[in-house]
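In the text below, chain A, chain B and the rest are named by the order of the sequence lines, each starting its count at 1.
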Amino acid sequence: MKKYDFSTIEKKWQELWEKHQVFEAKTDPSKPKYYVLEMFPYPSGRIHMGHVRNYTLGDILARVKRMKGYNVLHPMGWDAFGLPAENAALKHGVHPAKWTYDNIAYMKNQLKKLGFSYDWRRELATCDPGYYKFEQRFFIEMYEKGLAYRKTSLVNWCSSCHTVLANEQVEDGGCWRCGTEVTYKEMEGWFLRITAYAEELLKELDELEKYWPERVIVMQRNWIGKSEGAEIKFFLPEIGEDLIVYTTRPDTLYGATFISLSSEHPLAQRLAEKKGLSQALAEFIDKVRKERREIETGMAEKEGLFLESYAIHPLTGEKLPVYVANFVLMEYGTGAIMCVPAHDQRDFEFAKKYNLPIKIVIQPEGINLNPEDLEEAYEKPGIMVNSGPFTGLPSIEGKSKITAYLEEKGVGRKKITYRLRDWGVSRQRYWGCPIPMVYCDKCGIVPEKLENLPVVLPTDVQIDFTGRSPLPLLSDFVNTTCPKCGGPAKRETDTFDTFMESSWYFARFACPDYPEPFNPEDIHYWLPVDQYIGGIEHAILHLLYARFFTKVLRDLGYFKINEPFKNLLTQGMVIKETYKCPVHGWVYPEEVSPEGRCLKTGCGQEIIVGKFEKMSKSKCNVVDPDVMIKKYGADTVRLFISFAAPPEKDLEWSDHGIEGAYRFLKRLYHLVLEYTEALKEIEYSSEEFKNLDPKLVPLRKKLHKTVKKVSEDFEKRLRFNTGIAAIMEFLNLFQDYLKEIDLNDMMHKKLIKECLKKVVLLISPVCPHLAEELWQELGKKTFISCERFPDYEEAWLVDETYMLVVQVNGKVRDQVEVSVEATPEELEAMIKERQKVKKYLEGKQIKNVVFVPKKLINFVV
RNA sequence: GCCGGGGUGGCGGAAUAGGUAGACGCGCUGGAUUCAGGAUCCAGUGGAGAUACCUCCGUGCGGGUUCAAGUCCCGCCCCCGGCACCA
């Protein structure tokens, strides 16, 4: 028997696919298109199992859609700018460009070995000036529309990466990449006005809700954080100016007993000066900055500084003391709040600490709150009290009534606020896209001329051991001429956040060689992406930025679409069991004895079998895709990874599990080969099966049901695990039927041929190399990758008989095979006489009989 | 605290429309083959009791609706993820 020689088979078909350009996509408006995209990888050096899973899921879908007659675009590229390249340069003395391109070459080879059906002609790397020059152009166009601007702000700073981080890149107070604690620094930098699109980004989520995972929608909604409230003016007599506060609870206005400002608030400074408190305020600001970490996480105790000033309540005329408070953020709302201790927990705590009055203005129904014995703020709705003309109103109504009243009197207005902040895109890094701006002493900030783009990142540089960007030191780069006046000027030396590149790459894939950013013919045909697949870790960052860019590019006239990704699938992580030794920490599986002891020299401690965790080098639980491909072949790896769990769930890597997948493919291979000689010349047409041997009819029916099931699971539900299970189930049944098969009978042979052909077609999106090989063995001259997905015949899906489940009082008591044509009356009469049923009915009165066609009959006694 | 998602055999997971819970795979048990191991093949495999038929229990816990609930409703517990002084 011929051995299943996967390595020869896989190499053979990979070469043939490439030679015959099988997966090249061409714009063709006469055909329906389907754009499958997986999140492109950062070229870190080697692909990991997470990539294998992501790209296998995408590849199965791309292959299914191709077989279903779609013109499929399935590209791959490299998110090639980023910090690790600089770190590698530092550590190994390799230039970031060389390191990056070497990694790309290696990883591309790995992807090819997995047999993914990419159109490699469209490959792009974001560090290529031919790519990023358009990004520079978009930025200049945004600048001209007022969507990009420069400002000084307090930024998140990672001292280890020597760069600024966006709010989205701070996780639990640490840098999202290296985990170093983030500090705050005042810096100037470029911002994109994503807040201008806040409302549209939020609103469009209602539509996306049908096609995107709910949790992603929820995360984005929270991130945008829309709130409706009011801005209210409080007059400051000391300086003769109005202070504007933002509140979502105008209904509690009469309960305001003091005012708090952010320490960064400009009016705080002015009031402090007036009262000779500048020194105290400066100290307070300093303290707040130092404690910002604790403040942001809600850990710091509330603290304030009384400015010895008062604000006039716009409706009562009362004098309210003005404080600066450490918990008031300058970046949100107006940086100033009215404080209602009775109905806001934060204000309550502050008031208690500084002995400020508490005034109740909302009473819950049936309870009478007293300021003296209040233990926490009452934040829920109720009936308004002590609220002048509004007393007696439900607080829900009071919100809009008070706001309207304020508007009428000119001391306030309705206001919508978003939590979303503008996107800071400046990074003090070398390995990134240069920001195409020039600083001229005479003309100020001037964008580079479009015809001078790209501003090329100089590659002839030495990476300094401090890890700082070499760009500011490169006089050839820095010194330039002003695009406006031609005089001497200096270049911007910051580079873009790398999320810029990934915000529009999906569109460039439609026309990667076009001399302009986009060829309208191509992008209007291919966009949007029909199915986007990637990790949940990008639920906010990347997906929100890409949505924002899409809207901007639409408004700049490039796109016609509003949203970049129609359907989104967020696949789970690949996780594996971990082992921990009490002495040595995490250990490799090879370092654990069969008795569960540590095998490190002289150790012998009992190993703690840990949780399944995301594969990582530090936890010693990684499985290298290369090793698996070598041992089992790409088809087995693809099969296991798409079978072991539904796509959106975490997948537990199992060494036994992959053995099972391998076993299945060997079985399939040998089964087909066993018959290929006898079947080579056999052809069949569906009409011929009308005279099929009755004992084989159930087999053909199962075949057609399986085709239907797999078709739905693979194409519509994206549940590859159940689709594959259905194929396995059919093959099990098929093998049972082999005893019945007579190879001298022509009809039998035709049926076997049909079964094998269809099974091979069904499995082909998952295991394409093996499928191509078996297709050839079955006498076919075409690529199975270019074949049509099998059809099923409706007539063969229906059964003449079925197993009727018999219940008595809802409990299963019997099963009978019955004809679909039998009437309920006939069935009832027949079943009552059956022994198994009879004993439950004897001596009982039948109260009701429930009959569910083709399913069950239930006697209620 | 708020917002999502989830809890099904020894394990990963099925059950798409309220209708046989446990498909498929792993593991395990027994058998065949083999000098032996591995590989392969066959049979069994939710639990308890009877081991011939069969009976009872069973989808996190407690109630409910229904002829019928893993699935719907109410209350609770636990796990995972996100957000969290955003006024």
>> Measuring only the C1' atom in each nucleotide, how far is U8(B) from U59(B)? A whole number of Å is fine.
In response: 4 Å
> Base, sugar-phosphate alone, or nothing: which one does K847(A) contact when heavy atoms must sit under 4.0 Å apart?
Replying inline: nothing
> Is the gap between the ring centers of F612(A) and W653(A) under 6.0 Å?
Replying inline: no
>> Taking only the C1' atom of each, what is the distance from A17(B) to U33(B) in whole angstrom?
In response: 49 Å
> Rounding to the closest angstrom, what is the interatomic distance between G75(B) and G9(B) at atom C1'?
Replying inline: 28 Å
> Is any side-chain nitrogen or oxygen of S227(A) closer than 4.0 Å to OP1 or OP2 of A87(B)?
Replying inline: yes
>> Regarding C85(B), can its base be found pairing with the side chain of K302(A) as donor and acceptor, where the two atoms are less than 3.5 Å apart?
In response: yes
>> Without decimals, in angstroms, what is the distance between L665(A) CG and A39(B) C1'?
In response: 16 Å
> Where does G9(B) land, syn or anti, given syn is within 90° of 0?
Replying inline: syn
> Can you tell if the side chain of P250(A) reaches within under 4.5 Å of the side chain of L253(A), non-hydrogen atoms only?
Replying inline: no
> Of the nucleotides A87(B), C3(B), G19(B), which has the atom closest to the V218(A) side chain?
Replying inline: C3(B)
> Has R719(A) got a side-chain N or O lying under 4.0 Å from the OP1 or OP2 atom of A15(B)?
Replying inline: yes
> To the nearest angstrom, how far is F640(A) atom CZ from G25(B) atom C1'?
Replying inline: 9 Å
>> Using only modelled atom types and a 3.5 angstrom limit, is any donor from either the side chain of N222(A) or the base of C83(B) paired with an acceptor on the other?
In response: no
> Nearest-Å distance, CZ (R215(A)) to C1' (C80(B))?
Replying inline: 9 Å
>> Quick check on A14(B): is either OP1 or OP2 less than 4.0 Å from any side-chain nitrogen or oxygen of N721(A)?
In response: yes
>> Between G25(B) and C41(B), how many Å separate the two P atoms, rounded to a whole number?
In response: 11 Å
> Out of G81(B), A87(B), G19(B), which has the shortest distance to the side chain of Y332(A)?
Replying inline: A87(B)
>> Between A726(A) and L651(A), which residue's closest nucleotide on RNA chain B lies nearer the 5′ terminus?
In response: L651(A)
> Between F664(A) and F643(A), is the ring centre distance below 6.0 Å?
Replying inline: no
> Taking NZ, NE, NH1 and NH2 as the nitrogens, is one of them in D206(A) or R221(A) under 4.0 Å from a carboxylate oxygen of the other?
Replying inline: yes
>> Is R717(A) close enough to A14(B) that one of its side-chain N or O atoms is under 4.0 Å from OP1 or OP2 there?
In response: no
> For Y662(A) and C24(B), what is the distance between atoms OH and P respectively, to the nearest whole Å?
Replying inline: 24 Å
> Over how many whole Å does the gap from E712(A) atom CD to A14(B) atom P extend?
Replying inline: 17 Å
>> Do K302(A) and F327(A) form a cation-pi contact, if we require the NZ or CZ to be under 6.0 Å from the six-membered ring centre and within 45 degrees of the ring's axis?
In response: yes
> Can a salt bridge be assigned to the pair E712(A) and K708(A) using a cut-off of 4.0 Å between side-chain N and carboxylate O?
Replying inline: yes
> Does N732(A) make a side-chain N or O approach to OP1 or OP2 of G25(B) shorter than 4.0 Å?
Replying inline: yes
>> Under 4.0 Å from OP1 or OP2 of A87(B): is there any side-chain N or O of R419(A) that close?
In response: no
> Counting only side-chain N and O atoms of K811(A), is one of them less than 4.0 Å from OP1 or OP2 of C57(B)?
Replying inline: yes
> Which value, in whole Å, describes the distance between the C1' atoms of nucleotides G47(B) and G31(B)?
Replying inline: 25 Å
>> For a quick test of reading the model: is some side-chain N or O of R663(A) closer than 4.0 Å to OP1 or OP2 of G27(B)?
In response: yes
> Does K709(A) or A336(A) map to a spot on RNA chain B nearer the 5' end, using the closest nucleotide for each?
Replying inline: K709(A)
